[in-house]
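Below is the structure I would like to discuss, written out as structure tokens.
Proteins come first, then strands; the chains are lettered A, B, ... in the order of their sequence lines, and each starts at number 1. The figures that follow rest on heavy atoms only: side chains count, while hydrogens, waters and symmetry mates do not.
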2 protein chains.
Amino acid sequence: MTETQIKILEAAEVEFADNGFNGASIRNITQRAGVNIASINYHFGSKESLFREMFHFRFDPINEIRLSRLREEQELRNGAPVPLELVIRILVAPVFELLLSEADHPPPRFVLAIARCLSEPLELFTRLGGEVFQEVYETFFAAIRDALPQADVPQVRLQLNFAISSMVGMLTHFSRIEQFAGEPLFRRQKDEILQQFITFITSGISGCVAAGPQHEER
Amino acid sequence: MTETQIKILEAAEVEFADNGFNGASIRNITQRAGVNIASINYHFGSKESLFREMFHFRFDPINEIRLSRLREEQELRNGAPVPLELVIRILVAPVFELLLSEADHPPPRFVLAIARCLSEPLELFTRLGGEVFQEVYETFFAAIRDALPQADVPQVRLQLNFAISSMVGMLTHFSRIEQFAGEPLFRRQKDEILQQFITFITSGISGCVAAGPQHEER
DNA sequence: GGCTAGTTTAAACGATCGTTTCAAACAAAC
DNA sequence: GTTTGTTTGAAACGATCGTTTAAACTAGCC
């Protein structure tokens with residue numbers, strides 16, 4: 001990884017986070033990075049490939065942390081299910097911790113960049129999401145199912161879908177919705193917001209399971 | 001509202017839903033609507049104004065339904081708080097019912113269009129969101145606070161933020177995350193998904209409140 | 001030094017974007 | 001039937017997009 005490539009990747013994160021994928025321009029990225037406009041196509045092939053590279057470069061490590069932390073907890077318990085709240089924490093925390101970093105160094109933008117761009121309905125992101133998140137999705141689906149033996153399987157699928165949607169929605173919209181409040185919510189203790197969100201998701205899922213599968217009783 | 005304007009609005013919904021705001025092009029919209037390319041600037045002024053028009057045209061009625069339903073329930077109770085789950089239902093249902101319409105007529109695309117475009121970090125959408133949703137935000141914030149007298153105020157703000165983020169995230173990402181599952185989740189009874197999501201949000205909020213404000217005990 | 005492989009540069013490519021122009025076509029009112 | 005104001009049509013505007021080209025530069029190695 002050359003110095004130029006790193007400068008491009010860093011500039012790309014900011015540009016994608018600020019403007020989305022379609023809104024980001026090669027010229028802005030290269031200008032911000034202080035490199036020639038042709039560098040992106042020379043080093044990465046295309047705008048799409050640049051994004052793909054950034055995506056993998058940043059999220060593959062995060063997903064490995066999630067998978068290995070979950071595996072640790074599972075081995076610690078010798079097959080007994082990991083409690084739901086802990087599963088959710090392992091899924092959510094690695095991403096949110098990056099966003100809620102301390103005031104003295106600004107949060108990395110790539111989480112924002114990726115959450116934003118994933119909202120754009122390009123076919124690229126459907127493929128990329130599969131490449132990067134499929135394994136995490138299936139592993140955590142199994143873990144949640146194990147943690148909730150009384151829930152039926154399609155219901156767990158639905159709950160996981162709620163949880164992931166909420167997570168991406170949070171990353172994308174928190175700061176904007178925050179403005180409705182008139183007062184900053186993000187200034188609160190970072191651990192507190194994270195804990196609240198984990199409680200929110202955990203309670204949401206277990207509340208649904210307690211209410212039972214709706215398709216039988218209605 | 002002339003016939004041309006309506007044709008443009010309908011075509012715009014599809015185009016914005018499929019491609020996002022930046023990805024949508026005036027030429028595609030006018031071609032789809034079967035009108036001249038200059039019509040949009042003649043009738044609406046600009047691409048931004050067209051979107052603004054569509055936004056208000058579609059969401060103002062939805063928000064009025066939300067506000068009037070909530071007011072009904074409040075008057076029915078003579079000042080006693082409306083239960084949390086009902087507040088959430090009134091907030092969520094008017095939007096989701098539109099998405100989960102029956103198979104014989106396809107769901108209106110504008111909900112998707114707006115959810116998608118709101119994810120794009122253009123300053124336009126910050127302003128538009130304020131114009132359209134501020135009143136709903138404050139009214140439902142007050143209703144949730146009334147329903148949860150034991151919760152402290154900043155915590156309720158946070159919970160509402162979670163709820164709204166989850167809602168927009170659901171609209172934007174459900175179909176894509178659904179693909180991870182390998183089986184369609186949206187085919188389930190529409191009432192069931194809606195009910196599950198309402199339960200999810202309601203349980204999430206009340207679970208957080210039961211756990212108490214985190215900033216005091218840590 | 002000369003050669004090579006890798007990298008950077010400035011300029012241009014074709015395509016598409018949102019918007020504007022202005023004359024022709026139209027409608028309704030007198 | 002003429003006039004007046006509104007709506008369309010085809011064409012063009014300037015700008016910007018992602019990408020490509022070919023020449024210039026920069027090591028490292030014989």
For atom NZ of B:K47 and atom P of C:dT16, their distance in whole Å: 15 Å

Does anything in residues 7-16 of chain A reach DNA chain D, meaning a heavy atom under 4.0 Å, and if so which residues?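 Those residues: none at all.
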
Checking A:R157 now: which residues fulfil salt bridge (charged side-chain N to carboxylate O under 4.0 Å, His left out) with it, not counting sequence neighbours?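 A:R157 satisfies salt bridge (charged side-chain N to carboxylate O under 4.0 Å, His left out) with B:E183 once adjacent residues are dropped.
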
Side chains of A:L160 and A:I205: closer than 4.5 Å at any heavy-atom pair? no

Going by the rule ring pair (Phe, Tyr, Trp, His ring centres under 6.0 Å), which residues pair with A:F180 if we only count those two or more places apart in sequence or in a different chain?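 Result, ring pair (Phe, Tyr, Trp, His ring centres under 6.0 Å) vs A:F180: B:Y137.
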
Could you work out, with salt bridge (charged side-chain N to carboxylate O under 4.0 Å, His left out) as the rule, every residue matching A:E120, not counting sequence neighbours?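 Per chain and number, A:E120 pairs via salt bridge (charged side-chain N to carboxylate O under 4.0 Å, His left out) with no residue.
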
Scan for salt bridge (charged side-chain N to carboxylate O under 4.0 Å, His left out) pairs involving residues 126-138 of chain B, sequence neighbours excluded, and state none if there are none. B:R52-B:E131, B:E123-B:R127

The criterion is ring pair (Phe, Tyr, Trp, His ring centres under 6.0 Å); which residues satisfy it with B:F125, sequence neighbours excluded? B:F21, B:F51

Nearest-Å distance, CZ (A:F44) to P (D:dG18)?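 Atom-to-atom, A:F44 to D:dG18, this comes out as 15 Å.
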
Please give, in whole Å, the distance from C:dT16 P to B:N22 CG? 17 Å

Sorted by chain and residue number, the ring pair (Phe, Tyr, Trp, His ring centres under 6.0 Å) partners of A:F200 (sequence neighbours excluded) come out as B:F162

Can you check whether A:E178 reaches B:N161 side chain to side chain, under 4.5 Å on heavy atoms?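 Yes; the side chains approach each other to less than 4.5 Å.
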
To the nearest angstrom, how far is A:Q5 atom CD from C:dT7 atom P? 8 Å

Can you list, in residue-number order, the parts of residues 115-124 of chain B that come under 4.0 Å of DNA chain C, counting heavy atoms only?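 The stretch gives none, as no residue of it lies under 4.0 Å from the strand.
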
Distances for protein N or O near nucleotides 26-28 of chain C N or O, under 3.5 Å:
none

Respond yes when some side-chain nitrogen or oxygen of A:H43 is under 4.0 Å from OP1 or OP2 of C:dT8, and no when none is.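 Answer is yes, contact under 4.0 Å.
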
Residues in ring pair (Phe, Tyr, Trp, His ring centres under 6.0 Å) contact with A:F133, at least two apart in sequence or another chain: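 Partners of A:F133 under the ring pair (Phe, Tyr, Trp, His ring centres under 6.0 Å) test: A:F55, A:F59.
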
Below the 4.0 Å mark, does C:dT8 have OP1 or OP2 next to a side-chain nitrogen or oxygen of A:T4?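 It does, given that an N or O in the side chain of A:T4 lies less than 4.0 Å from OP1 or OP2 of C:dT8.
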
Begin from the C-alpha positions of B:Q195 and B:E85 and carry the test side chain to side chain donor-acceptor pair (under 3.5 Å) through to its verdict. CA-CA 10 Å; B:Q195 177 57 50; B:E85 173 159 343; 3.2 Å; yes

For the pair made of CG in A:N19 and P in D:dG18, what is the distance, rounded to whole Å? 11 Å

So B:D146 and B:V82, do their side chains get closer than 4.5 Å, heavy atoms only? no

With sequence neighbours left out, write down each residue that passes salt bridge (charged side-chain N to carboxylate O under 4.0 Å, His left out) with B:R66, or none if nothing qualifies.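 None.
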
When you measure from every atom of DNA chain C, which of residues 23-42 of chain B have a heavy atom less than 4.0 Å away? B:A24, B:S25, B:I26, B:R27, B:I37, B:A38, B:N41

A:K7, A:R32, A:R116, A:R58 screened by salt bridge (Lys or Arg N to Asp or Glu O under 4.0 Å) with A:E13, the one that passes: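 In the set A:K7, A:R32, A:R116, A:R58, the residue that makes a salt bridge (Lys or Arg N to Asp or Glu O under 4.0 Å) with A:E13 is A:R58.
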
